[in-house]
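This report concerns only the one structure given below.
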Amino acid sequence: MKRALQAALVAMVFIAATLSFGAHGAAGQSTGSTASAVAPPGDAARGKAAFLKFGCYECHGTAGQGNAFSGPTIAPHPIAYAALIAYIRRPAGQMPAQSAVIVPDAAVADIYAYLQSIPASKPVGTIHALSGISTAPQR
Amino acid sequence: MKRSDGVDRRSFLTGIASAGAGVAVAGTNTGPAQAAGPDAPAKLGPISPQLAAAETGDPAGVATSPDRWHVANPGSDYMQRMLAGLGYEYVTCMPGSTFRGLHESIITFGMNKNPEMLSVAHEEISAAMAHGYAKMAGKPMAILVHSTVGLQHASMAMYNAYADRVPMLVLVGNISDSSKRRPGIEWFHTASDVAAMVRGFIKHDALPLSLQSFGEEITKAHAMSLTPPFGPVLVVVDGELAESPVEGAPLALPPFSRVQPPVADPAALAKVATLLVGATQPVIYADRCANTPDQMAQLVQLAELLQVPVIDSMNRPNFPNTHHLYSPFNARQLVTRADVILALDADDLFSLVGDVPDTVGRPTVMRIKPGTKVVNISSLYLLGDGNYQDQQRFFQPDMAIAGDSGASLPYLIEAVQRAMTSERQAQNAQREAAFRSAYASRRKADLQAAAIGWDLAPITVARLCMEVWDAIKNDAGAFSIVSDSALQSSWPQRLWTLDKYYHTNGGSGAYGIGYGMPAAVGAAIAARDQGRYSINFQGDGDLLCSPASLWTLAHHQIPLLTVVHNNRAWHQELMHVQRMADRRQRGPDRAHIGTVITDPEIDLARVATGFGVYAEGPIVSPSDLAPALSRAMKVVKSGKPALLDVVAQGR
């Protein structure tokens, strides 16, 4: 247990960047499964259960909100289904690969439906604790 | 320590240098303990020196003791004076019989001032408190440790401090003379070489066998601890030496003056300056660089001279997060494109420029492009490495310069000023504009990211942090974050205003779990003494290692708000086991076994209340968080501790 928190901040930042979706050309890779460009029909409720069951939430948060330490934001507005399933099967970074043996394509489709169902965030200006925070450097 | 603008009070380089100088003598019968001895033995009548000598086997002791039942002028009074003379304000203590003499001298002879005793319930808490305190106070704390067993308890927290390059004085009780040990327990609680078990992660240790030697050795150890690279030092307090009377002439208190820190070679700094001025994409990586507020300001000056982005490791308060050159969150991009990298006291230079990713086969990959010049100015070149691997993987920079980077900054600034060209100077405005724009874009993106899942339960870590900020944002000069916030995605560094040296306090050093709560207690004591309250983002798993820290908080009335980031797991381990299950295609169904903290879920608020700390929780609904924070802050601002147990996302 005491060996667990091995990553210094720099490593943390690098890992987060490595795990980022989208910029890795994942869609062009072999998926090892039956990925297609169009998302097959999925069930959001089943997808939420699968998202929790398969441990996606551990790194990406229960609503795919992500974090800087272990997994990037994947919702709302998930990347294209083909890119998502390609990355799940053959990740370019340090994300553990999820094979179809464990996470069937149908489950991925359900997960995708769940990610798509997550509503857009509130506007920052409507959130009291975030309003008034300057984005400009102060010095 | 005097504070004017709030930033001149935690210098590792000042404040103690002359503390012991000029103190003349000790060991005379002037302390209050001698004046208040009980009169019962006198009723038994005088005992001849010859009889006493025959019964005690200690004829020399008779001459300085009033009778056979009492000891005048015990050696531990001298030890107390040494601690006072060296400037120790606090000593933590989980009581133990091997140092009972010094314990009594501190609380009675010294009247529990300089040092004041802080009561703790475990030696690991003692060491972690001293760790957190030293970084915030700018000077070390002493800890009293009960020989073998106490040092075993303290060891992990000492290792953290060693890896974090933090000074600490460990005083270990022991009874070296085997003929003086009482049968039984005292033998278990004595070792022939008690420091052996921790020698791999302390800078220095000493076993003084006379009081004069004690005075000299503790002075030497103190100096070693405070010379870069800083680190824990250990001095054995011999029980017999402490309890026996001082004999002969009064003992001298050795004068103390601080060792001047090692500074980088001027010729090497001139070469570094030339490299930086000639670079098109330079970057500075500041690790354990700024050990004083002045050094933080000097790093800003250096960065502005060249308009160079600074990757702050956050192990020290190196750089204000409001500055346009503050760049820890795009470190990968900066390092990948850099043509010159200046590292300042980098503990892990390899992981700055390369990586061993957690994938099958663990291949080594490099991030820097061929031809990138890497410079490392570090005091760690002066520290050997052995069994423990805290200095990380070797990487050979183009220029390896031994010296304390913080102390070298003024000279590097001068060298850059000399090397600066008008052509390079002319580029600064354009560079500054680009970095200001990038800063604003990043900060805007972080704000958007913080809003994602705002009303989610479990509460998002972003909301957890930002609700705290909302509760304290008008107290810019009044708070310190005394915990690491890496596991909270560094949201405070992303969106709070943290532009004072005292606003943050770094991390654990060696990631030994159990650091968080007690280190926060120690740092909060220093912050309290400087007129501030403190904030501690606290993992639930970490809290369970040393929950008794809460009792010390309550006992000493320390204004600390602890916000428990309760993900009901050792979440990092959950992810590790999940990774193994994924890699082996065995499914995730069992990854929770041994990694989650449920069945039953621990009522941490009740635990805290039991220790005497105001507490609320578990807070599950996001809308309940802000009102709870408001109530807790009233408690904290009244000078007392408070704890909120917040059920939150894993990361």
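Order of the sequence lines fixes the chain letters, A, B, ..., with proteins taken first and strands second; residue numbering starts at 1 for each chain.
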Verdict with supporting geometry, A/I74 and A/L115, side chain to side chain contact (heavy atoms under 4.5 Å, CB included): CA-CA 8 Å; A/I74 54 175; A/L115 296 177; 4.1 Å; yes
Measure distances from [X] to the heavy atoms of chain A and classify the residue's part below 4.5 Å as side chain, backbone, both or neither.
{"X": "B/L574", "answer": "both"}
{"X": "B/Q448", "answer": "both"}
{"X": "B/R586", "answer": "backbone"}
{"X": "B/D347", "answer": "neither"}
{"X": "B/H571", "answer": "side chain"}
{"X": "B/V360", "answer": "neither"}
{"X": "B/D470", "answer": "side chain"}

Quick one: does NZ or CZ of B/R436 land under 6.0 Å from the six-membered ring centre of B/Y439, within 45 degrees of the ring axis?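 B/R436 over B/Y439 ring: no.
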Can you find a side-chain donor-acceptor pair between A/Q98 and B/D582 that sits under 3.5 Å?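 A/Q98 vs B/D582: donor-acceptor pair found between side chains.
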Modelled atom types, side-chain donor and acceptor of B/Q585 and A/S99, under 3.5 Å: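 Distance-only check passes for B/Q585 and A/S99.
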Given the options [options], which has more heavy-atom pairs under 4.5 Å with chain A than any of the others?
{"options": "B/L325, B/D446, B/L447", "value": "B/L447"}
{"options": "B/Q578, B/H323, B/M580", "value": "B/Q578"}
{"options": "B/A449, B/G650, B/A581, B/A451", "value": "B/A451"}
{"options": "B/V468, B/D484, B/D455, B/T359", "value": "B/D455"}

Using the side-chain contact (heavy atoms from CB on, under 4.5 Å) definition, which of the options B/D312, B/D499, B/V310 pairs with B/P320?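 For B/P320, the side-chain contact (heavy atoms from CB on, under 4.5 Å) test succeeds with only one of B/D312, B/D499, B/V310, which is B/D499.
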Would you mind checking which part of [X] comes under 4.5 Å of any heavy atom in chain B, side chain (CB onward), backbone (N, CA, C, O), both or neither?
{"X": "A/A120", "result": "neither"}
{"X": "A/A97", "result": "backbone"}
{"X": "A/S134", "result": "backbone"}
{"X": "A/I133", "result": "both"}

Going by an N to O cut-off under 4.0 Å, is there a salt bridge joining B/D355 and B/R393?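 The answer is no: the pair does not qualify as a salt bridge.
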Any chance you could measure B/M156, atom CE, to B/S546, atom OG, to the nearest 0.5 Å?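 Between B/M156 CE and B/S546 OG, I get 8.0 Å after rounding to 0.5 Å.
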Derivation of the side chain to side chain contact (heavy atoms under 4.5 Å, CB included) call for B/W454 and A/L130: CA-CA 10 Å; B/W454 188 257; A/L130 298 180; 4.1 Å; yes
Heavy-atom distance under 4.5 Å between the side chains of B/Y285 and B/D287, does that happen here?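 Result yes, sub-4.5 Å side-chain heavy-atom pair found.
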Using the rule given for side chain to side chain contact (heavy atoms under 4.5 Å, CB included), can you reason through A/I88 versus A/M95, listing the C-alpha separation, both sets of side-chain angles and the distance that settles it, and then say yes or no? CA-CA 8 Å; A/I88 288 173; A/M95 188 180 107; 4.2 Å; yes
